[in-house]
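Protein chains get the first letters and strands the later ones, always in sequence-line order, with residue 1 at the start of each. Nothing here was measured: the structure is a model prediction, and the numbers come from that model.
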Amino acid sequence: MPELPEVETVAADLRPQLIGSRFAAAHIHWPRTLAAPDAELLDAQIVGREVIAIGRRGKYLLVHLDSGQTLIIHLRMTGQLAVVADDSPLLSDPHLRAAFDLADGRHLTFTDARKFGRIWLVDAIEQVVGKLGPEPLDWTFTPEALTERLQTRRVAIKALLLDQTVVAGVGNIYADEALFMAGIHPLRPAASLTGDEIVRLRDAIRAVLQESIDARGTLLRDYRTPYGQDGAYQNHLRVYQQTGQPCARCGASIERIRVTQRGTHFCPRCQS
DNA sequence: ATATCTGCCTGCTCGC
DNA sequence: TGCGAGCAGGCAGATA
């Protein structure tokens with residue numbers, strides 16, 4: 001499931017493929033994939049527009065156009081983007097939900113088996129990403145910023161890390177990995193964290209995300225990079241999907257519990 | 001305001 | 001081997 005490092009990797013891969021290219025048409029094959037505007041207006045507004053930059057905010061991919069508008073794509077669980085030639089079998093993939101024709105004959109494809117992914121074309125990105133919390137790798141993600149969002153909350157810290165208004169881009173994998181690295185039990189009430197623990201957690205979030213970006217993300221069932229190169233962070237996972245394996249730090253058996261409906265992995269000895 | 005639950009979806013794994 | 005049940009989970013929207 002793509003989280004911040006995976007979306008960052010997709011953005012890096014798409015940049016050389018798309019910047020400077022123009023759109024010639026937009027085709028929506030599964031209507032719910034397009035959140036806004038409607039398909040007719042999307043096509044009218046995107047035709048002839050050139051991609052000038054590709055960015056990311058949280059788990060949202062931002063394709064900036066020369067019109068000032070931005071095409072925003074959220075991969076959710078199973079969404080995948082690729083830039084392909086006219087004869088690509090991806091164009092007839094049964095999971096193809098949207099396809100954007102480029103003026104040079106190539107296509108930007110969006111395949112998504114589970115149909116959870118969403119696409120927007122907006123005048124201002126705040127319409128979609130306005131409520132997100134700080135970018136964890138930016139200087140704005142300070143211990144103070146995290147403290148402010150945790151200190152009044154009684155829910156489990158694991159649940160709060162998945163709240164995109166607390167910090168943008170962390171999902172189930174990196175929440176578990178960051179809590180392990182910080183030595184904090186996932187069920188701890190958020191407001192019970194000490195100042196020292198919040199600093200450790202903030203540093204751990206940044207460290208696991210950066211490590212994963214450096215490895216091109218985590219390759220699991222639902223995430224592939226556009227051109228088939230493999231992310232490698234699944235080889236670095238310390239607790240996620242390591243249930244029953246010995247903890248690399250202390251040797252205790254990694255446990256799996258449910259925290260607000262989410263599978264949660266942790267070391268019962270290292271995390272308290 | 002905060003916390004929890006449900007729906008969206010389909011492919012995969014598991015147990016019989 | 002076949003098959004149905006349950007699970008996976010990000011996020012919006014509803015409910016308590």
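Checking B:dC8, C:dA8, C:dA12 against every side-chain atom of A:R258, the shortest atom distance belongs to C:dA8. Nearest to the side-chain atoms of A:K59 among the listed nucleotides B:dC9, C:dA8, C:dG10 stands C:dG10.
A side chain to side chain donor-acceptor pair (under 3.5 Å) with A:D176 is found for exactly one of A:K158, A:R262, A:R238, namely A:K158.
Between A:R97 and A:D112, none of the side-chain N atoms (NZ, or NE/NH1/NH2) sits under 4.0 Å from a carboxylate O, so this pair counts as no salt bridge. Salt-bridge formation is not detected for the pair A:R106/A:D101: no Lys NZ or Arg NE/NH1/NH2 atom is positioned less than 4.0 Å from an Asp or Glu carboxylate oxygen. Between A:D13 and A:R216, at least one side-chain N (NZ, or NE/NH1/NH2) sits under 4.0 Å from a carboxylate O, which counts as a salt bridge. Between A:R56 and A:E135 there is a salt bridge, since a side-chain N of the basic residue sits under 4.0 Å from a carboxylate O of the acidic one.
If you take CD of A:Q261 and P of C:dA8, they are 10 Å apart, rounded to a whole angstrom. Nucleotide C:dG10 holds its P atom 18 Å from the CG atom of A:L61, rounded to whole Å. Per the geometry, CE belonging to A:M77 stands 15 Å off C1' belonging to C:dA12, to the nearest Å. Summarising the geometry, the separation between CD on A:Q241 and C1' on B:dT13 is reported as 13 Å, rounded to the nearest angstrom. In this structure, the NE2 atom of A:H74 is 4 Å from the P atom of C:dC11, given to the nearest Å. Atoms NE2 (A:H265) and C1' (C:dA8) sit 11 Å apart, rounded to a whole Å. Rounding to whole angstrom units, CG of residue A:L75 and P of B:dC8 are separated by 22 Å. Atom C1' of nucleotide C:dA8 and atom CD1 of A:I257 are separated by 17 Å, given to the nearest angstrom.
Relative orientation of the A:H74 and A:Y60 rings is perpendicular, given thresholds of 30° and 60° on the angle between their planes.
A cation-pi geometry, defined here as NZ or CZ lying under 6.0 Å from the six-membered ring centre and within 45° of its normal, holds between A:R249 and A:F180.
Within residues 147-166 of chain A, the residues having any heavy atom closer than 4.0 Å to DNA chain C are, in order of number, A:Q164.
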* **Dot-bracket encoding of pairs in DNA chain C, which uses [ ] for pseudoknotted crossings and | for another strand, Watson-Crick or G-U under 3.5 angstrom** => .|||||||||||||||
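Between A:R32 and the phosphate of B:dC9, there is a side-chain N or O to OP1/OP2 separation shorter than 4.0 Å. Taking side-chain N and O atoms only, A:R262 has a distance below 4.0 Å to OP1 or OP2 of C:dG10. Distances shown here put every side-chain N or O of A:H95 at or beyond 4.0 Å from the OP1 or OP2 atom of B:dC9.
Annotation: side chain to side chain donor-acceptor pair (under 3.5 Å) contacts involving residues 82-94 of chain A, sequence neighbours excluded, comprise A:D86-A:H107.
Closest-nucleotide positions on DNA chain C for A:Y60 and A:G263 were compared, and the one nearer the 5' end corresponds to A:G263.
Counting all heavy atoms, side chain and backbone alike, A:H27 lies closest to A:A25 at NE2-CB, 3.8 Å.
Under the stacking definition used here (centres under 5.5 Å, planes under 30°), the residue A:F116 fails to qualify as stacked on the base of C:dC11.
Residues A:L161 and A:Y174 form no side-chain contact, since every pair of their non-hydrogen atoms from C-beta on lies 4.5 Å or further apart.
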